[in-house]
Amino acid sequence: MLRIAQTLDAQLRVAMERAFPQVAAQPDGPGFDPQLAPASKPEFGDFQANGALPLAKPLGQAPRAIAAAIVEQLQGQPAFTELCLEPQIAGPGFINLTLRPERLADEVQLRLGDPRLGVPPVQGAAPVVVDFSSPNIAKEMHVGHLRSTIIGDSLARVLEFRGHPVLRLNHVGDWGTQFGMLITHLKQVAPEALSTADAVDLGDLVAFYRQAKARFDDDEAFQTTSREEVVKLQGGDPVSRQAWQLLCDQSRREFQKIYDRLAIRLSERGESFYNPYLEAVVADLDASGLLVTDDGARCVFLEGVSGKDGKPLPVIVQKSDGGFNYATTDLAAIRYRFAAAPEGDGARRVIYVTDAGQANHFAGVFQVARRAGWLPDGGRLEHVPFGLVQGEDGKKLKTRAGDTVRLRDLLDEAVERAEADLRRRLAEEGRSEEEAFIQHVATTVGLAAVKYADLSQNRITNYQFSFDRMLALQGNTAPYLLYAVVRIAGIARKGGDLAGGEAADAPLIFTEPQEWALVRELLRFDAVIAEVEEELLPNRLCTYLFELSQVFNRFYDQVPVLKAEPEARPPRLALCRLTADTLKLGLGLLGIPTLERM
RNA sequence: GGGGCUGUAGCUCAGCCGGAUAGAGCGACGGUUUCCUAAACCGUAGGUCGUGGGUUCGAGUCCCGCCAGCCCCGCCA
């Protein structure tokens, strides 16, 4: 309906100008904004224009009279009367617009033949970087990586669908002090791990990492050795390099198992990738006069952000010992991503999907990048923050033993619970299914539940993780949406021709309110996609898909399809087909595959 | 001390650019099945939108103060 909304907006502007030419002539006048919005309630029609109300004061007229004058001018436009029924003026001066049923049917018809379901491909596409997931080498992926991975993937999918060339970058933690610690520790306790691939498994590596961290925190000699080890590594020492390479390879393979399970595609480009550019970052900042040496550290002082003593807060880009830190790497990454090829990605939009705790850090780093002039005209640099994953007690999610929850275990449990639920249901209904079917459904439902529960929440707030809620069969959950798709597949199995062959030329004539409700819901899809692309809020897409499922279920419950009168059958089958296509596409953009039966 | 985020029904949460009587889901209570999977549908109850001001024709939404919770705050990432 985006196209129609644009048309209506233009028509309203013309009507306003014609109704009040004296205002149109004023250069400093109030101007005209139709304030066109989707109708807030079905009884108000399809759209409402609220633009008459703000004109009341400047024009010195009653808002309803202003609305009436606008409506009169609208009615004088043939293009408008072809599109809409007679506008209604309601309340204090709202103009309610209802589209002609045949225009709605036209729109449905267009979408039936359109694989993009009415979503236009983007014009003038330029690369978009989505930086997400980003686990640390030599650690296992845990619940803390869940949200970034799932949200980032979904945003990337939406942007890709719109036609942007998307670089999905996995900015893994593969550099820095942590490696000094780990390698130093391993040299002493498990030297074979540094020269032989897979000498220890990742779980052990994680334990070693923890030990190394503990030693680092209270053993000064160990700290010193670790720092020296980092210097060796950065200096390209072959032994250190090889150890590092082995650790990275091993972690990479473990990460990939998770990504494969979740059907997530990512290009690894870790922190180390930017090492060759760190010097240039500092030089660049120096050349643009932003760099200040303070206490031996080279930093950029932020504008508008002050610390304890009221002094501006610094972003440190080179430590007093000459080393670089994460801010330097992040700056190098921004610089590289916006820079033109071959020494850059040529991006026009760079998106970081990380927890909200890093908001200050990114705000600082972004400010420096902007002031350094690294963003091209129209370049967008955005932090997409999200809240913590909490348990049902409202505290940070932990295992019973108090450990961090591994992502692997979390996914396993979701699938196990989905399987148990399915088996119980099969037993209750006396159904018998093949083992392969059960495994496939349980896996799909379990993983879908985890993804959907995360995505359906406004990402900025903390997220209360609950297997029971996400796997519930009713409510705003993955199983509920998947079930709507299954119901439509059931119609096809029982002889409904969803491919459109049945009376393909028959006009789409709808008679029931449930049909119209479904039509209107289906036509919202393009606007929802546009909104997610802009606001980077996948929960808006979830809400839409849930509402679509609800409207469909109401239709399914109250309006027969297969047993409809012969002339009513084709249009109803068409609605089923478009609903299924919309749900499949929408869920696909959330990274969730659908099922034919469940 | 400074900064960020959050505060909406018993619980979990939506709420678009400020628009009409603030919405879902769960839970509670009550209904619906000779018919496409009842994993569904229909209905009832449940709200000082943390709080006090301000702006506006109109504020859950914007501005300021306050309260509460979480997070961040110089050489870790």
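If you're wondering where the values come from, they're calculated on a predicted model, not measured in any experiment. Here is the naming used below: chain letters follow the sequence lines, and residue numbers restart at 1 for every chain.
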Which nucleotide wins on minimum distance to the side chain of A:Lys57, given the candidates B:A20, B:U56, B:A39?
B:U56

Between A:Gln558 and B:C41, is there a side-chain N or O to OP1/OP2 distance below 4.0 Å?
no

What's the CZ-C1' distance between A:Arg487 and B:C36, to the nearest Å?
9 Å

Less than 4.0 angstrom between a side-chain N/O of A:Arg298 and OP1 or OP2 of B:G74, yes or no?
no

Mutual orientation of the aromatic rings belonging to A:Phe362 and A:Tyr352 [parallel < 30°, tilted 30-60°, perpendicular > 60°]:
tilted

Can a side chain N or O of A:Tyr463 be found less than 4.0 Å away from OP1 or OP2 on B:C5?
no

Between A:Phe179 and A:Trp244, how do the two ring planes meet: parallel, tilted or perpendicular, split at 30° and 60°?
perpendicular

Would you call A:Arg227 and A:Glu229 a salt bridge, taking side-chain N to carboxylate O under 4.0 Å as the test?
no

Using a 5.5 Å cut-off between ring centres and planes within 30 degrees, is A:Phe44 stacked on the base of B:A20?
yes

Considering only heavy side-chain atoms of A:Gln358, the closest of B:U12, B:A39, B:A77 is B:A77

Of the candidate nucleotides B:A24, B:C70, B:G15, which contains the atom at the shortest distance from the side chain of A:Asn539?
B:G15

Check this for me, if you would: do A:Asp286 and A:Arg298 make a salt bridge, where the nitrogen-to-carboxylate-oxygen distance has to be below 4.0 angstrom?
yes

RNA chain B base-pair string [pairs: Watson-Crick or G-U under 3.5 Å; |: paired with another strand]
(((((((..((((.....[...)))).(((((.......))))).....(((((..]....))))))))))))....

If the plane angle is over 60° it's perpendicular, under 30° parallel, otherwise tilted; pick one for A:His383 and A:Phe366.
perpendicular

Side-chain atoms of A:Tyr326 come closest, of B:A39, B:C36, B:A77, to B:A77

Atom CG of A:Leu313 to atom C1' of B:G4: distance rounded to whole Å?
13 Å

Tell me whether the OP1 or OP2 atom of B:C42 has a side-chain N or O from A:Arg554 closer than 4.0 Å.
yes

Exam field: side chain A:Thr328 to backbone A:Val317, donor-acceptor pair closer than 3.5 Å:
yes

When rounded to the nearest 0.5 angstrom, what is the spacing between CD1 in A:Ile150 and OH in A:Tyr452?
13.5 Å

Given B:A77, B:C57, B:A39, identify the nucleotide with an atom nearest to the side chain of A:Glu429.
B:A39

Evaluate the ring planes of A:Phe222 and A:Phe216, with Trp represented by its six-membered ring, and classify them as parallel (under 30°), tilted (30 to 60°) or perpendicular (over 60°).
perpendicular

Is there, by distance only and without an angle test, a donor paired with an acceptor across the side chain of A:Asn96 and the base of B:A20 below 3.5 Å?
yes

Is there a donor-acceptor contact under 3.5 Å linking the side chains of A:Asp355 and A:Gln358?
yes

Return whichever of A:Asn458 or A:Phe555 has its heavy-atom-nearest nucleotide of RNA chain B closer to the 5' end.
A:Asn458

Please give the distance between the C1' atoms of B:G53 and B:C16 as a whole number of Å.
27 Å

Picking from B:G19, B:C70, B:G74, the nucleotide nearest the side-chain atoms of A:Asn462 would be B:C70

Out of B:G74, B:G19, B:C70, which has the shortest distance to the side chain of A:Asp294?
B:G74

Pick base, sugar-phosphate or nothing for A:Thr461, based on heavy-atom distances below 4.0 Å to the nucleic acid.
sugar-phosphate

Does A:Ser40 put a side-chain nitrogen or oxygen below 4.0 Å from OP1 or OP2 of B:G15?
no

How are the rings of A:Phe525 and A:Tyr544 set relative to one another: parallel (under 30°), tilted (30 to 60°) or perpendicular (over 60°)?
tilted

Say you pick atom P in B:A45 and the same atom in B:C66; how far apart are they, in whole Å?
41 Å

Nearest listed nucleotide, side chain of A:Arg540, among B:C70, B:C36, B:C16
B:C16

Counting only side-chain heavy atoms from C-beta out, which of B:A39, B:A77, B:C13 sits nearest to A:Arg425?
B:A39

Between CG of A:Leu302 and P of B:G3 the distance, given in whole Å, is 14 Å

Side-chain donor-acceptor pair under 3.5 Å between A:Asn275 and A:Ser272, yes or no?
no

Both A:Ala39 and A:Asp295 contact RNA chain B. Which one's nearest nucleotide lies toward the 5' end?
A:Ala39

Could you measure between the two P atoms, the one in B:G1 and the one in B:U55, and give it in whole Å?
30 Å

Any A:Gln474 side-chain nitrogen or oxygen under 4.0 Å from OP1 or OP2 of B:A40
yes

When we call it a touch if two heavy atoms are under 4.0 Å apart, what does A:Tyr556 touch: a base, just sugar-phosphate, or nothing?
base

Gap in Å between the two P atoms, one belonging to B:A22 and one to B:U44, rounded:
16 Å

B:A39 OP1/OP2 closer than 4.0 Å to side-chain N/O of A:Asn553:
no

Okay, side chain of A:Thr444, backbone of A:His440: is any donor-acceptor separation there less than 3.5 Å?
yes

Donor-acceptor pair, distance only, cut-off 3.5 Å: does the side chain of A:Glu515 make one with the backbone of A:Glu512?
yes

Check if the side chain of A:Asp557 and the base of B:C41 share a donor-acceptor pair of N or O atoms closer than 3.5 Å.
no

Side-chain N,O (A:Lys563) to OP1/OP2 (B:C36) below 4.0 Å:
no

Could you list by number each residue of residues 443-457 of chain A showing a heavy-atom separation from RNA chain B of less than 4.0 Å, or answer none if no residue does?
A:Gln457

Using whole Å, report how far CD of A:Gln390 lies from C1' of B:U6.
11 Å

Within this structure, what is the NZ-to-C1' distance between A:Lys213 and B:C76, rounded to whole angstrom?
7 Å

Write down the distance between CD (A:Gln550) and C1' (B:C42), rounded to a whole number of angstrom.
13 Å

Take the protein atom CD of A:Gln61 and the nucleotide atom C1' of B:C57, then report the distance between them rounded to whole Å.
15 Å

Could you state the atom-to-atom distance from CD of A:Gln35 to P of B:G58 in whole Å?
15 Å

Please report the distance separating the P of B:G50 from the corresponding atom of B:G27, rounded so that it comes out in whole Å.
26 Å

Distance, C1' atom - from B:G74 to B:U6, rounded to whole angstrom
28 Å

Fit a plane to each ring of A:Tyr277 and A:Phe273, take the angle between them on a 0 to 90° scale, and name the class: parallel (under 30°), tilted (30 to 60°) or perpendicular (over 60°).
tilted

Rounding to the closest angstrom, what is the interatomic distance between B:U8 and B:G60 at atom P?
15 Å

Considering only B:C70, B:G74, B:U21, which nucleotide approaches the side chain of A:Ile316 most closely?
B:G74

Rounded distance in Å between the C1' positions of B:G31 and B:C36:
23 Å

